[in-house]
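Values below: all heavy atoms of this structure, side chains included; hydrogens, waters and symmetry mates excluded. So that the names make sense, note that chain A is the first sequence line, chain B the second, and so on, each numbered from 1.
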Amino acid sequence: MSQMNGEGTVHARGLRKSFGDRVVLDSIDLDVACGEIVCIIGPSGSGKSTLLRCIDGLEEIDRGVLRVNGEDLGFRETPTSYQALKRKEVAAQRTRIGMVFQSFNLFPNMTAQENVMSGPVLVKGAPKAESRRRADALLTSVGLHGHGDHYPWQLSGGQQQRVAIARSLAMDPQVMLFDEPTSALDPERVGEVLAVMKDLAQRGMTMLIATHEMGFAREVADTVIFMDGGLVVEQGKPADVLGNPQEPRTCKFLESVL
Amino acid sequence: MTSTTDPVRADRDNQKLGGPDATSKPRVHRRGALEYVAWAACALVAFGVIRTLLTNENYQWDVVAQYVTAETVLRGLVMTVVLTILCMTFGALLGLFVAVLRVSPLRPVRILAGAYVTFFRGTPVLVQLIFWFNIAALYPNLAIGIPFTDVSQDIDVNRLISATTAAVIGLSLNQAAYQAEIFRGGFASVDKGQIEAADSLGMSRGTKLRRIIVPQSMPTIVPATGNQFIGMFKETSLVSVLGVGELLMSVQLIYARTYQTIPLLIVACLWYLFMTLLLSYPQSQIEKKFSRTRARVSNDPAPGLTQTELMGEAK
Ligand SMILES: Nc1ncnc2c1ncn2[C@@H]1O[C@H](COP(=O)(O)OP(=O)(O)OP(=O)(O)O)[C@@H](O)[C@H]1O
Ligand SMILES: [Mg+2]
């Protein structure tokens, strides 16, 4: 890697994203250190998903600086502008960023094992036998030993989400993004996914998590960010933001969810 | 306490009709009068049709029987089958190619592919066939050579484009336009989340298409293509105008000689009908299989069905 020092970090300055005339993210400043766990909370429509999607390169930002793993995401800075990178270069950046979706988005035409192998084999061209062993090990690490030959529709929501996490991890990402990973799950299935995420946090993975699980945020997060209307309204230690919020909007939101 | 105030039980107790217990009575629907009327009308129509088929001597069933397995007719049938398979194969391959061009990141490529589809779907296939047959009028000589050199070979287009070649080209190119639309619809049916998951892993366009989009769009594509196949089987009759010796042309050749027009057209119809029915069984099986797969080409867990079914077309 050319930029060892930036690995596992996310930095944003004045990040702006709009859809048409609608500004969805406005002047976002963000600093995530390597190994830091950041939970993003906020009401529906506040821009949590959009922020994560920007960091994963699924949405292109309008303005500002966005640096992930120490590199400008999707663009190269020149003295006067940001030049869009080639498709291949963007793809290479993305392999170092993992994304877990609310609706899992496992490939239904592949087994759990094939899903986990899909990144290494189809993107990196890794040898199949080795990738298969690695996939099985990853499935075991998310508590799904022996489920490798199951298709997504044969798995419960919680199991599918854990396969999705394993699929992302198979690419050895340096930053993991989670967009409400437990919102589509039955209440009794939430715990198993949160447990896997906690385990991952303890192993030093940089994680940005949009979530409504306040208990999880309080317990695991190093930093909690409260967003509303496309702005970062308040951020800090979970004890401060969740326990002693300064902004009236944060208070109002926390009252409504607790 | 509850048993004495249970309204249902009380009702049953009140019933002194001597019938079975209320919980075990069958539920009956009475047939409406309309249904009997419909059946009667249906029978009447069937009777009329059968009667005229049997009593009208102009049908000449003996002639039908005589020619239904005649060598000329069977040769025509074989030609029809061969044409169908050829045109569907070329049409599907070219259609896939056009569909891929239609989702190209390059706008001019998309426009070109779109124009292709518009042209071939917007003009009658019969006209297209005659057009290909007469292409030599437009380009009498086809020069194949290496550009900017003297090395070249002139080809007489009139001889190159026989009636059969014109038929295969015309039907294939036309089919490709429809097939491209089927593929496009199939691609569009793939959940957006799937594309995002693939993008997120850093998958290239080609890999995404081959490993994610095409396999997942099979449930929409395969049944629609099956229908096209059945349609193509009948559509080949159009190339009789070019003088290609397929099924319709064969019977036309015979009745041009014997003037037994109606019985020979019946012979052709019987074969078309037979083949269509023959094809519609696998088609209905395909549709059934893929309507089940379709429900499962989503992430929602659905109660057990065998995995092998899902594997079938996807690989
Ligand atoms: N592709 C899009 N086109 C137009 N508007 C969009 C698009 N995606 C998101 N938005 C808008 O951006 C705003 C922020 O959406 P976003 O999904 O980021 O919110 P969120 O905080 O994730 O909400 P939720 O908790 O409901 O997931 C919303 O008002 C939404 O309508
Ligand atoms: Mg969201």
Would you say [atom1] of [X] has more than 12 non-hydrogen atoms from neighbouring residues, nucleotides or ligands within 6.0 angstrom?
X: A/F19; atom1: CZ; result: yes
X: A/Y82; atom1: OH; result: yes
X: B/R110; atom1: CZ; result: yes
X: B/Y272; atom1: OH; result: yes
X: A/E60; atom1: CD; result: no
X: B/R107; atom1: CZ; result: no

Item to complete: Please check if the side chain of A/N105 supplies one atom and the backbone of B/G193 the other of a donor-acceptor pair under 3.5 Å.
Response: yes
Distance, nearest 0.5 Å, that separates [atom1] of [X] from [atom2] of [Y]:
X: A/R87; Y: B/S204; atom1: CZ; atom2: OG; result: 9.5 Å
X: B/E196; Y: A/E59; atom1: CD; atom2: CD; result: 7.5 Å
X: A/M99; Y: B/L201; atom1: CE; atom2: CG; result: 11.5 Å

Worksheet entry | Portion of A/M171 that has a non-hydrogen atom of chain B nearer than 4.5 angstrom | side chain
Non-hydrogen atoms of [X] and [Y] that approach each other most closely:
X: B/G202; Y: A/A91; value: O-CB, 3.4 Å
X: A/N109; Y: B/R211; value: ND2-O, 3.0 Å
X: B/Q194; Y: A/L106; value: NE2-O, 2.7 Å
X: A/M110; Y: B/I212; value: CE-CD1, 3.8 Å
X: A/F101; Y: B/A197; value: CE1-CA, 3.8 Å

Worksheet item: Among residues 46-58 of chain A, which residues come closer than 4.5 Å to chain B, judged by heavy atom distances?
Response: A/R53, A/D56, A/L58
Worksheet entry | Contact origin within B/T207 toward chain A - heavy atom pairs under 4.5 Å | side chain
